[in-house]
Chemist: 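I have a structure here, written as C-alpha cells, and I will follow up with some questions on it.
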Amino acid sequence: MSIVVTGATGELGRLVIDELLATVPAGETGETGEIVAVVRNKEKAAALAARGVELRIADYDRPETLAEAFRAGDRVLLISGSEVGKRVAQHSAIVEAAKAAGVAQLAYTGILGGPDADFLLADEHKATEQLILDSGLPYTFLRNGWYTENYTANLAPVLEHGAVVANAGEGRIASASRADYAAAAAAAVTGEGHLGKAYELSGDTAWSLAEYAALLSEVTGKEIAYKEVPAAVHQEILVGAGLPEGFAAILTDVDEAIARGRLAGTSGDLARLTGRPTTPLATTVRAALATA
C-alpha cells in the first residue's frame with residue numbers, strides 16, 4: 001500500500017508531501033514507494049525523488065497516462081486541479097483510473113460547504129464529489145475553506161495603494177494557512193476512521209476584511225483601509241490588473257458569497273484533524289511581510 005498524492009508539485013501538494021515525509025517512511029528507510037507523487041513533469045519533481053518519494057508520471061488531460069498512476073490498495077489524495085473549467089473532466093479521468101486500480105481510499109480536496117456551497121467556484125467541486133460518490137470508491141471529502149495566502153500573496157498592490165479592495169461587505173472569513181490544510185490532508189490519508197467522512201475545514205477564528213486592513217495597518221505602520229466596491233467595479237479592477245475576465249467574475253462571486261457568510265463557518269474539523277489550533281491570521285500576515 002502506498003500513499004499517493006496527485007498534483008504533488010503544486011503549492012498544496014508539496015506541503016502535503018512534507019507532512020507525509022515527517023511521519024511515513026520514505027527512501028531513507030530503504031523502502032521506497034510508500035509515498036508516491038503523481039506528476040506531469042519528472043524534472044520539476046526531481047527534488048521530491050531525491051527525498052525518497054516515488055514518482056509516477058501522468059497527465060490529467062491524457063487519461064491513458066493514468067492507468068499506471070494507482071495500484072490496488074493505494075490511499076490516494078486527489079488535490080483538485082487548478083484549471084477552472086477543465087477540472088470535472090480531469091477529475092473524472094482520475095476517479096475512473098482509481099476505480100479501475102481498486103484503491104482503498106480516495107480523498108478529495110473540495111470546498112467548504114460541499115453540496116450546499118452556492119457560488120461559482122464550488123460548481124466543479126460539487127460535481128467531483130458526486131463523481132466520487134457515484135464511483136462507489138471509499139472516499140474522504142476534505143472541504144477546504146479559504147486559504148489565508150489568497151490574501152497575503154497579493155500584498156504588494158494593497159500596500160502600494162493603501163487599500164484592501166473587495167465586494168465582500170462585512171462578511172467574515174474563517175481562513176487557515178495552506179500548511180494547515182496540508183496537515184489535515186496528510187492526517188486523512190494516514191490515519192484511520194476517515195472513510196465515508198466529509199470534513200468542513202476552516203480556521204478557528206473568522207475575520208472581516210476591515211479587520212484584515214486594520215491588522216495590516218498595525219503591522220506595517222501604514223494606513224491601510226478596507227474599500228468596499230460594487231461587484232462590477234471590483235471585476236473591472238481585477239481585469240485591469242491582468243486577470244482573465246472569467247476568473248475575475250469567479251473572484252467577485254466569491255466575495256458575494258463571503259458577504260452571505262458562506263466562508264465564515266468554524267466547525268473545528270481542521271483543528272481536530274491536525275491535532276493543533278489553526279494558524280492565526282496575524283502569523284501568516286507577518287510571515288508574508290517578512291519575505292515581501
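All values reported here derive from a predicted model rather than from experimental measurement.
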Chemist: Could you check if a side-chain atom of Y199 sits within less than 4.5 angstrom of a side-chain atom of L273, using non-hydrogen atoms only?
Modeler: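 Of all side-chain heavy-atom pairs linking L273 with Y199, at least one is under 4.5 Å.
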
Chemist: Check step by step if side-chain contact (heavy atoms from CB on, under 4.5 Å) holds for T6 and L77.
Modeler: CA-CA 6 Å; T6 74; L77 173 65; over 6 Å; no

Chemist: Rounded to the nearest 0.5 Å, what separates atom CZ in R75 from atom CG in L20?
Modeler: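 CG of L20 is found 11.0 Å from CZ of R75.
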
Chemist: Specify the closest pair of heavy atoms between V95 and L137, including all atoms of both residues, with the distance to one decimal.
Modeler: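 In this case the closest contact between V95 and L137 is O-CD1, 3.9 Å.
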
Chemist: Does any non-hydrogen side-chain atom of Y108 lie less than 4.5 Å from one of S80?
Modeler: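 Result yes, sub-4.5 Å side-chain heavy-atom pair found.
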
Chemist: Got a salt bridge between R260 and D255, using NZ or NE/NH1/NH2 to carboxylate O under 4.0 Å?
Modeler: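 Judged by the 4.0 Å cut-off on N to carboxylate O distance, R260 and D255 do not form a salt bridge.
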
Chemist: Under a 4.5 Å side-chain heavy-atom rule over Ile, Leu, Val, Met, Phe, Trp and Tyr, are V53 and L12 clustered together?
Modeler: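 Yes, because V53 and L12 connect within a single hydrophobic cluster, where side-chain heavy atoms sit under 4.5 Å apart.
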
Chemist: Between CG of L48 and CG of D18, what distance do you get to the nearest 0.5 Å?
Modeler: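 Result: 8.5 Å between the selected atoms.
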
Chemist: Yes or no on side-chain contact (heavy atoms from CB on, under 4.5 Å) for L251 and Q235, after CA distance, side-chain angles and deciding distance?
Modeler: CA-CA 8 Å; L251 292 182; Q235 181 164 343; over 6 Å; no

Chemist: Taking the side chain as every heavy atom from C-beta outward, state whether W146 and L112 have any pair of such atoms under 4.5 Å apart.
Modeler: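 No, side chains not in contact.
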
Chemist: Can you hop from Y212 to V165 via hydrophobic side chains spaced under 4.5 Å?
Modeler: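 No, Y212 does not connect to V165 through the hydrophobic network.
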
Chemist: If the threshold is 4.0 Å, N to carboxylate O, is there a salt bridge linking D269 and R143?
Modeler: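 Between R143 and D269 there is no salt bridge, as every charged N stays at least 4.0 Å from the carboxylate O atoms.
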
Chemist: Is there a side-chain contact between L106 and I132 (heavy atoms, below 4.5 Å)?
Modeler: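 The answer is yes, as the side chains (C-beta and beyond) meet within the 4.5 Å cut-off.
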
Chemist: Testing the basics here: between E19 and A186, what is the closest heavy-atom pair and its distance to 0.1 Å?
Modeler: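 That would be CB-CB, 3.6 Å.
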
Chemist: When the aromatic ring centroids of Y147 and Y181 are compared, is their separation below 6.0 Å?
Modeler: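 They qualify: ring centres under 6.0 Å apart.
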
Chemist: Do L78 and V84 sit in the same hydrophobic cluster, where Ile, Leu, Val, Met, Phe, Trp and Tyr count as joined when their side-chain heavy atoms come under 4.5 Å apart?
Modeler: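 Unlinked, L78 and V84 end up in two clusters.
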
Chemist: Roughly how far, to the nearest 0.5 Å, is the OG atom of S92 from the CD atom of Q130?
Modeler: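 Q130 atom CD to S92 atom OG measures 12.5 Å (nearest 0.5 Å).
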
Chemist: Keeping K126 on the side-chain end and A117 on the backbone end, is there a donor-acceptor pair under 3.5 Å?
Modeler: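 Yes; judged by distance alone, with no hydrogens or angles, the pair exists.
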
Chemist: Any salt bridge linking D74 with R71? Criterion: basic side-chain nitrogen under 4.0 Å from a carboxylate oxygen.
Modeler: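 Looking at R71 together with D74, the answer is no, because their closest N to O distance does not fall below 4.0 Å.
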
Chemist: If you measure from the Lys or Arg side-chain nitrogens to the Asp or Glu carboxylate oxygens, is any gap between E54 and R56 under 4.0 Å?
Modeler: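 A salt bridge links E54 with R56.
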
Chemist: Short question: side chain of T128, backbone of E124 - any donor-acceptor pair under 3.5 Å?
Modeler: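 Pair found, side chain donor or acceptor close to backbone of E124.
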
Chemist: Do R262 and F119 form a cation-pi contact, if we require the NZ or CZ to be under 6.0 Å from the six-membered ring centre and within 45 degrees of the ring's axis?
Modeler: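 No cation-pi geometry.
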
Chemist: Are the side chains of V219 and L289 in touch, meaning some heavy atoms are under 4.5 Å apart?
Modeler: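 In short, these two side chains touch, coming nearer than 4.5 Å.
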
Chemist: Counting only N and O atoms by type, is there a donor-acceptor contact under 3.5 Å from the side chain of T278 to the main-chain atoms of A271?
Modeler: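 No.
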
Chemist: Going from CG on N150 to OG on S175, what distance comes out if it is rounded to the nearest 0.5 angstrom?
Modeler: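 One gets 8.5 Å once the value is rounded to the nearest 0.5 Å.
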
Chemist: Looking at every non-hydrogen atom in both residues, tell me the closest pair between V189 and A107 and how far apart they are.
Modeler: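 Taking V189 first and A107 second, the nearest heavy atoms are CG1-CB, 3.9 Å.
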
Chemist: Before you tell me yes or no, could you show the steps for Y60 and H91 under side chain to side chain donor-acceptor pair (under 3.5 Å), namely the whole-Å CA-CA distance, both residues' side-chain angles and the distance that decides it to 0.1 Å?
Modeler: CA-CA 7 Å; Y60 289 1; H91 296 168; over 6 Å; no

Chemist: Pairing donors with acceptors under 3.5 angstrom, does anything connect the side chains of T109 and N144?
Modeler: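 No donor-acceptor contact under 3.5 Å links the two side chains.
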
Chemist: Are side-chain heavy atoms of I57 and N41 found at a separation under 4.5 Å?
Modeler: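 No; the side chains remain at least 4.5 Å from each other.
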
Chemist: Please check this pair: side chain of N167 against backbone of T252, looking for a donor-acceptor N/O pair closer than 3.5 Å.
Modeler: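 Such a contact is found between N167 side chain and T252 backbone.
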
Chemist: Within a strict 4.5 Å, meaning less than it, do heavy atoms of the F70 and V36 side chains meet?
Modeler: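 F70 does not reach V36 side chain to side chain.
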
Chemist: For a quick test of reading the model, state the closest non-hydrogen atom pair linking V4 to A69 and the distance between them.
Modeler: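 Looking at all heavy atoms of both residues, the shortest contact is CG1-O, 4.1 Å.
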
Chemist: Show me the pairs that pass salt bridge (Lys or Arg N to Asp or Glu O under 4.0 Å) and involve residues 144-172, at least two apart or across chains.
Modeler: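 Qualifying pairs: R172-E211.
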
Chemist: Starting at OG1 of T9, measure out to CG of L55 and round the result to the nearest 0.5 Å.
Modeler: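 Going from OG1 on T9 over to CG on L55, the span is 10.0 Å.
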
Chemist: Looking at side-chain heavy atoms only, is the closest gap between I3 and E34 below 4.5 Å?
Modeler: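 No - every pair of side-chain heavy atoms lies 4.5 Å or more apart.
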
Chemist: Under 4.0 Å between a side-chain nitrogen and a carboxylate oxygen: does that hold for E200 and R272?
Modeler: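 No, this pair does not count.
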
Chemist: Which residue pairs pass the salt bridge (Lys or Arg N to Asp or Glu O under 4.0 Å) test with at least one member in residues 217-242, sequence neighbours excluded?
Modeler: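 Applying salt bridge (Lys or Arg N to Asp or Glu O under 4.0 Å) to every pair that reaches into residues 217-242, excluding sequence neighbours, yields nothing.
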
Chemist: Hey, what do you get for CD1 (I79) to CZ (R14), rounding to the nearest 0.5 Å?
Modeler: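 Nearest 0.5 Å value for the CD1-CZ distance: 11.5 Å.
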
Chemist: Decide, yes or no, whether a salt bridge links R87 with E129 under the criterion of side-chain N to carboxylate O below 4.0 Å.
Modeler: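 Here R87 does not pair with E129 in a salt bridge, since their nearest N and O are not under 4.0 Å apart.
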
Chemist: Please answer whether the main-chain N or O of G193 pairs with a side-chain N or O of K197 as donor and acceptor at a distance below 3.5 Å.
Modeler: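 Yes, because the side chain of K197 sits within donor-acceptor range (under 3.5 Å) of the backbone of G193.
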
Chemist: Mind listing the closest non-hydrogen atom pair of L216 and V285 along with its distance?
Modeler: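 For L216 versus V285, the nearest heavy atoms are CD2-CG1, 3.7 Å.
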
Chemist: Please assess T190 against V24 for the test side-chain contact (heavy atoms from CB on, under 4.5 Å), listing each intermediate value before the final yes or no.
Modeler: CA-CA 8 Å; T190 55; V24 178; 3.9 Å; yes

Chemist: Are there more than 12 heavy atoms of other residues, nucleotides or ligands under 6.0 Å from atom CD of E11?
Modeler: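 No, the 6.0 Å shell around CD holds no more than 12 heavy atoms from other groups.
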
Chemist: Within the 3.5 Å criterion, strictly below it, is a donor on T284 or T148 matched to an acceptor on the partner's side chain?
Modeler: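 Note: T284 and T148 side chains miss the donor-acceptor criterion.
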
Chemist: Distance-only, no hydrogens or angles: does the T140 side chain make a donor-acceptor pair with backbone N or O of H194 under 3.5 Å?
Modeler: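 Pair found, side chain donor or acceptor close to backbone of H194.
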
Chemist: With clusters defined by side-chain heavy atoms of hydrophobic residues (ILVMFWY) lying less than 4.5 Å apart, directly or transitively, does I258 cluster with L215?
Modeler: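 Same hydrophobic cluster.
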
Chemist: Any side-chain to backbone donor/acceptor pair from E96 onto P63? Under 3.5 Å, distance only.
Modeler: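 Checked: no pair found.
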
Chemist: Can you name the nearest heavy-atom pair linking A104 to L195, along with the distance?
Modeler: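 The pair with the smallest heavy-atom distance is O-CD2, 4.1 Å.
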
Chemist: Would D180 and T274 count as a side-chain contact (heavy atoms from CB on, under 4.5 Å) if you check the C-alpha gap in whole Å, the side-chain angles of each, and the deciding distance to 0.1 Å?
Modeler: CA-CA 7 Å; D180 291 332; T274 62; 5.5 Å; no

Chemist: Treating Ile, Leu, Val, Met, Phe, Trp and Tyr as nodes and any side-chain heavy-atom pair under 4.5 angstrom as an edge, say whether L270 and L15 lie in one connected cluster.
Modeler: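 The answer is no; the residues belong to distinct hydrophobic clusters.
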
